[in-house]
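Letters go in sequence order (proteins before strands), and every chain restarts at 1.
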Amino acid sequence: MSNKPVRTRFAPSPTGYLHVGGARTALFNYLYARAKKGTFVLRIEDTDQVRSDEKSRQQMIESMVWLGLEWDEGDEKGGEFGPYKQSERLEIYQNHAQMLVEKNKAYLCFCSNEELEAKKKQREAMGLPPVYDGKCRSLSTEEVEKKKQEKKDMVIRFKMPKEEIIVKDIVQGDVKFDSSLIGDFIIIKSDNFPSYNFAVVVDDILMKISHVIRGVGHLSNTPRQIAIYKAFECDEPEWAHVSEIVGSDHKKLSKRHGATAITSFRDMGYSPEAFLNYMSLLGWSPPDGIEFMKKEKIISQFDIERCNKSPSMFDVFDLSQADGVELSELNHFELEKYLFAKSKLNWLSNNHIREMSEERYLKDVMPFVIESKQVPESELNGKTLKDILLSLRVYLDYLSQIEKYIGDFFDKFEISNTAIEWLKKPFAKKLTETFADLIEKETNWHKDQISNLIKESGNICDLKGKDLFMTIRSASTGKTEGLELPVYLTLLGKERVLKRLKNSIEKTS
RNA sequence: GUCCCCUUCGUCUAGUGGUUAGGACUCGGGAUUUUCAUUCCCGCAACAGGGGUUCGACUCCCCUAGGGGACGCCA
């Protein structure tokens with residue numbers, strides 16, 4: 001419609017952690033700005049003095065940074081249209097409200113809360129929409145002055161014109177609203193703070209926002225906002241109300257689906273790219289249908305026109321297992337239990353982990369290795385650990401899973417029930433001893449050589465196939481699954497293999 | 001209560017009047033792998049229901065049901 005430079009914004013209110021819903025909105029704004037070579041701005045909407053807090057703000061920023069949603073302008077970064085915190089823009093809103101009052105498009109209202117409440121109930125009883133009746137709309141200047149003298153609480157209300165308002169929305173199409181159902185709403189509260197609908201519009205005008213991309217929840221606010229644009233004689237931005245995200249129970253995302261706190265996913269060891277990839281697929285799909293994408297590819301294919309209207313489910317937690325549990329209160333360890341093991345998120349994440357550079361992977365996985373406390377400190381920097389981690393890479397859906405594999409390569413040695421079955425076989429003891437002997441004498445510790453030794457043990461004991469391999473596997477790893485055996489043993493190291501074999505021999509007798 | 005929006009395999013979705021309704025994840029089967037994972041192949045599985053409009057409807061209209069959202073001195 002317009003060829004103005006694209007400027008999008010994400011405008012969270014710092015009243016809690018950033019969750020999937022918010023992050024997805026931020027993502028779409030980011031993606032669109034990048035796709036159109038525009039600007040992405042971050043504005044903090046902290047006009048709710050009671051609920052806003054600094055900690056939330058910081059956690060949101062932390063989440064944004066982690067996801068790689070870099071903003072070009074905004075909080076903590078500055079820019080030519082600052083400040084970017086609404087609490088620091090109070091004067092601007094008041095001036096603008098004053099302009100509206102002077103143009104007779106807004107007015108002072110002195111009605112008390114009790115009065116309003118009573119009227120609302122009355123109207124509801126009569127089956128009328130609960131809108132303000134406009135009592136103070138036509139107060140004379142004298143009356144206004146008099147009430148001001150009395151130091152009555154006052155607010156500023158916007159004169160809502162009676163007309164049909166059509167929201168022209170990129171994803172929702174044209175949506176009609178009857179403004180008589182809206183009424184004169186408050187733009188400046190009695191604490192002198194602007195109301196949401198007013199502050200957004202003033203900011204979006206001043207910050208030259210070209211596209212407002214947000215959840216459908218805001219669609220019904222849009223007529224109010226359009227009316228304000230008109231009152232200021234400014235062009236509306238392009239609207240795009242994307243579908244909301246729901247939890248596995250089809251209900252709006254809440255603390256119950258928890259972990260919707262972005263930082264929880266970071267803590268579980270999802271890579272930001274993977275999580276971003278997953279979120280981009282909620283309500284949008286790439287034209288070529290290929291879902292595993294790096295950020296650059298998402299950007300190059302993104303368009304809001306391909307966003308759909310129907311709500312998408314954030315389906316990574318098994319809520320049926322989490323009855324009465326508030327997932328948002330759990331740490332990554334506890335949270336893991338409620339994850340669907342085979343979610344698309346995990347699949348994508350596994351793919352991203354495999355595609356990472358080795359350096360990046362090693363660097364990212366290390367904290368989880370350390371956290372597991374299963375690797376002796378002396379070996380933390382060794383080449384062996386590096387090789388182990390690299391071999392384990394294909395097994396990981398998210399990095400914290402390394403904690404369940406890594407111990408098997410060091411001092412931990414437990415024989416699983418299925419492994420015991422192999423060790424109980426009649427030939428197990430002899431085979432294990434034979435193999436141990438061969439290993440003890442071996443000086444060339446290399447996977448090909450180990451492979452030879454396994455075969456040789458087989459020849460000596462007249463065994464091959466599963467009997468041979470599974471028994472040796474069970475005796476040396478305690479498990480019946482895992483890496484290719486010669487590789488596994490190479491990584492384990494001669495000493496540990498011997499120790500384990502001896503241990504297993506005792507169990508077989 | 002009033003207004004607005006939504007409803008395609010279990011999930012994410014493609015699809016804009018004529019398709020064997022496509023893909024991805026999951027699931028089942030098979031091949032490869034000494035095992036597990038990986039990889040490859042095959043398969044199961046959907047247009048919420050009812051009315052229209054039309055030669056023809058997943059696509060358009062209406063109704064019903066279900067879900068979501070808005071109606072704040074919250075954002």
Side-chain angles (χ1 to χ4, degrees), chain A residues 11-15 45-48 50-52 86 109 111 113 116-117 120 124-125 127-131 153-157 167 169 172-173 175-178 181-183 185-197 199-200 215-223 241 243-244 246 248 250-252 278 281-292 306 308-316 340-348 350 354 392 394-396 418-419 422 451 454-455 458 464-474 477 479-486 488:
Chain A
S13 43
T15 54
E45 311 217 325
D46 55 351
T47 52
D48 185 334
V50 182
R51 294 196 302 160
S52 300
Q86 290 189 329
C109 168
C111 296
N113 259 327
L116 260 19
E117 201 55 43
K120 193 174 157 189
E124 266 169 14
L128 294 168
V131 295
D153 267 358
M154 84 183 176
V155 300
I156 301 180
R157 279 184 190 271
V167 180
D169 194 286
Q172 303 287 329
V175 188
K176 293 179 191 132
F177 289 90
D178 177 359
L181 263 27
I182 295 173
F185 58 94
I186 290 169
I187 56 176
I188 298 285
K189 305 186 264 188
S190 58
D191 62 2
N192 262 321
F193 273 58
S195 70
Y196 164 75
N197 283 115
V200 189
V216 254
H218 289 283
L219 185 60
S220 33
N221 281 319
T222 312
H241 288 92
S243 64
E244 222 84 59
V246 297
S248 321
H250 288 280
K251 296 269 189 294
K252 191 183 163 188
Y278 180 76
L281 263 11
L282 260 21
W284 174 78
S285 61
D288 69 2
I290 298 169
E291 299 185 315
F292 170 66
R306 278 190 72 84
N308 65 17
K309 297 202 222 181
S310 47
S312 0
M313 188 187 289
F314 180 64
D315 196 24
V316 307
F340 279 120
K342 301 290 189 136
S343 64
K344 186 177 276 191
L345 171 62
N346 280 179
W347 176 78
L348 283 172
N350 176 273
R354 293 204 234 170
L392 251 20
V394 292
Y395 285 80
L396 304 180
T418 47
W422 286 101
S451 185
I454 296 173
K455 280 178 201 143
K464 57 181 183 178
K466 280 195 173 189
D467 285 344
L468 171 61
F469 279 87
M470 289 308 281
T471 307
I472 293 185
R473 174 181 289 281
S474 300
T477 72
K479 300 245 162 79
T480 50
E481 78 275 327
L483 303 181
E484 202 184 335
L485 193 51
Y488 202 144

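Contact annotation: the side chain of A:Ser243 approaches that of A:Asn308 to within less than 4.5 Å [non-hydrogen atoms, C-beta and beyond]. Side-chain contact between A:Phe185 and A:Asn221 is absent, with no heavy atoms from C-beta onward closer than 4.5 Å. Within the 4.5 Å cutoff, the side chain of A:Thr222 has no heavy atoms near those of the A:Asp169 side chain. Side chains of A:Ile182 and A:Pro223 form a contact here, defined as non-hydrogen atoms less than 4.5 Å apart. Residues A:Ser195 and A:Thr47 form no side-chain contact, since every pair of their non-hydrogen atoms from C-beta on lies 4.5 Å or further apart. When side chains are defined from C-beta on, A:Arg354 counts as touching A:Asn350, because their heavy atoms get closer than 4.5 Å. Here the side chains of A:Gln86 and A:Phe193 are not in contact, with every heavy-atom distance at 4.5 Å or above.
At a threshold of 4.0 angstrom between heavy atoms, the contacts of A:Gly283 are confined to the sugar-phosphate backbone, with no base atom among them. Using a 4.0 Å heavy-atom cutoff across all strands shown, A:Ser312 reaches sugar-phosphate atoms only and no base atom. In this structure, A:Pro486 reaches the bases: a heavy-atom distance under 4.0 Å links it to at least one base atom across the strands shown. Nucleic acid contact for A:Gln172: sugar-phosphate only, since backbone atoms but no base atoms lie under 4.0 Å from a heavy atom of the residue. Contact annotation for A:Ser243: no contact, since no heavy-atom pair falls under 4.0 Å across all strands.
The same atom, P, is picked in B:rG43 and in B:rA48; the two are 25 Å apart, to the nearest Å. A gap of 26 Å separates the P atoms of B:rC47 and B:rC55, to the nearest Å. Across B:rG15 and B:rG23, the matching C1' atoms stand 11 Å from one another, rounded to whole Å. Atom name P, nucleotides B:rC61 and B:rU54: the rounded distance is 16 Å, in whole Å. For the P atoms, the distance from B:rA75 to B:rC27 is 45 Å, rounded to whole Å. Taking the P atom of each, B:rC9 and B:rC5 are spaced 22 Å apart, rounded to whole Å. Spacing between B:rG52 and B:rC58 at atom P, rounded to whole Å, works out to 15 Å. Nucleotides B:rA46 and B:rG22 place their C1' atoms 12 Å apart, quoted to the nearest Å.
Across the strands present, B:rU54 finds no partner; the criterion is a Watson-Crick or G-U wobble pair with both atom distances under 3.5 angstrom. When Watson-Crick and G-U wobble pairs are counted only if both distances are under 3.5 Å, B:rU33 pairs with no nucleotide at all. Across every strand in view, B:rA70 sits in a pair with B:rU2 that passes the Watson-Crick or G-U test at under 3.5 angstrom. Pairing partner, B:rA65: B:rU7, with both Watson-Crick or wobble hydrogen-bond distances short of 3.5 Å. When Watson-Crick and G-U wobble pairs are counted only if both distances are under 3.5 Å, B:rU20 pairs with no nucleotide at all. When Watson-Crick and G-U wobble pairs are counted only if both distances are under 3.5 Å, B:rG28 pairs with B:rC42.
Evaluation of the salt bridge (Lys or Arg N to Asp or Glu O under 4.0 Å) rule for A:Glu45 yields A:Arg43 as partners, not counting sequence neighbours.
Between the side chain of A:Arg306 and the backbone N or O of A:Ser285 there is at least one donor-acceptor pair closer than 3.5 Å.
The CE-P distance, from A:Met313 to B:rU11, rounds to 6 Å in whole Å. Protein atom CG of A:Asp288 is 13 Å distant from nucleotide atom C1' of B:rU13, rounded to whole Å. One atom, OH of A:Tyr488, and another, P of B:rU35, lie 16 Å apart when rounded to the nearest Å. Taking atom NZ of A:Lys344 as the reference point, atom C1' of B:rC9 lies 12 Å away to the nearest angstrom. Regarding A:Leu282, its CG atom lies at a distance of 13 Å from the P atom of B:rU11, rounded to whole Å. If you measure from atom CD1 of A:Ile290 to atom C1' of B:rC25, you get 15 Å, rounded to the nearest angstrom. Protein atom CG of A:Leu281 is 12 Å distant from nucleotide atom C1' of B:rA14, rounded to whole Å. A:Lys466 has its NZ atom 12 Å from the P atom of B:rU33, to the nearest Å.
Take the nearest nucleotide of RNA chain B for A:Leu485 and for A:Trp284: the residue whose nucleotide is more 5' is A:Trp284. Comparing A:Asp315 and A:Glu481 against RNA chain B, the residue whose closest nucleotide sits nearer the 5' end is A:Asp315.
Residue A:Ser310 has its side chain nearest to B:rU7 when only B:rU7, B:rC4, B:rC12 are considered. Closest approach to the A:Trp347 side chain among B:rU35, B:rG23, B:rU26 is made by B:rU26 (side chain taken as heavy atoms from C-beta onward).
For B:rC6, the OP1/OP2 oxygens have a side-chain nitrogen or oxygen of A:Lys309 closer than 4.0 Å. Between A:Arg354 and B:rA37 there is no side-chain polar atom (N or O) within less than 4.0 angstrom of OP1 or OP2. At B:rU16, none of the side-chain N or O atoms of A:Arg306 fall inside 4.0 Å of OP1 or OP2 (strictly under the cut-off). OP1 or OP2 of B:rU7 has not a single side-chain nitrogen or oxygen of A:Asn308 nearer than 4.0 Å.
No hydrogens or angles were tested; on distance alone, a donor-acceptor pair under 3.5 Å links the side chain of A:Tyr395 to the base of B:rC36.
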Readout for nucleotides 66-75 of chain B: B = base within 4.0 Å of protein heavy atom, S = sugar-phosphate only, - = neither; 5' to 3' it is -SSSSSSBBB

Donor-acceptor pairs under 3.5 Å, side chain of residues 479-486 of chain A to any protein atom, not counting sequence neighbours: which ones?
unit_1   : atom_1 : unit_2   : atom_2 : d
A:Lys479 : NZ     : A:Asp408 : OD1    : 3.1
A:Lys479 : NZ     : A:Asp408 : OD2    : 2.7
A:Thr480 : OG1    : A:Thr418 : OG1    : 3.2

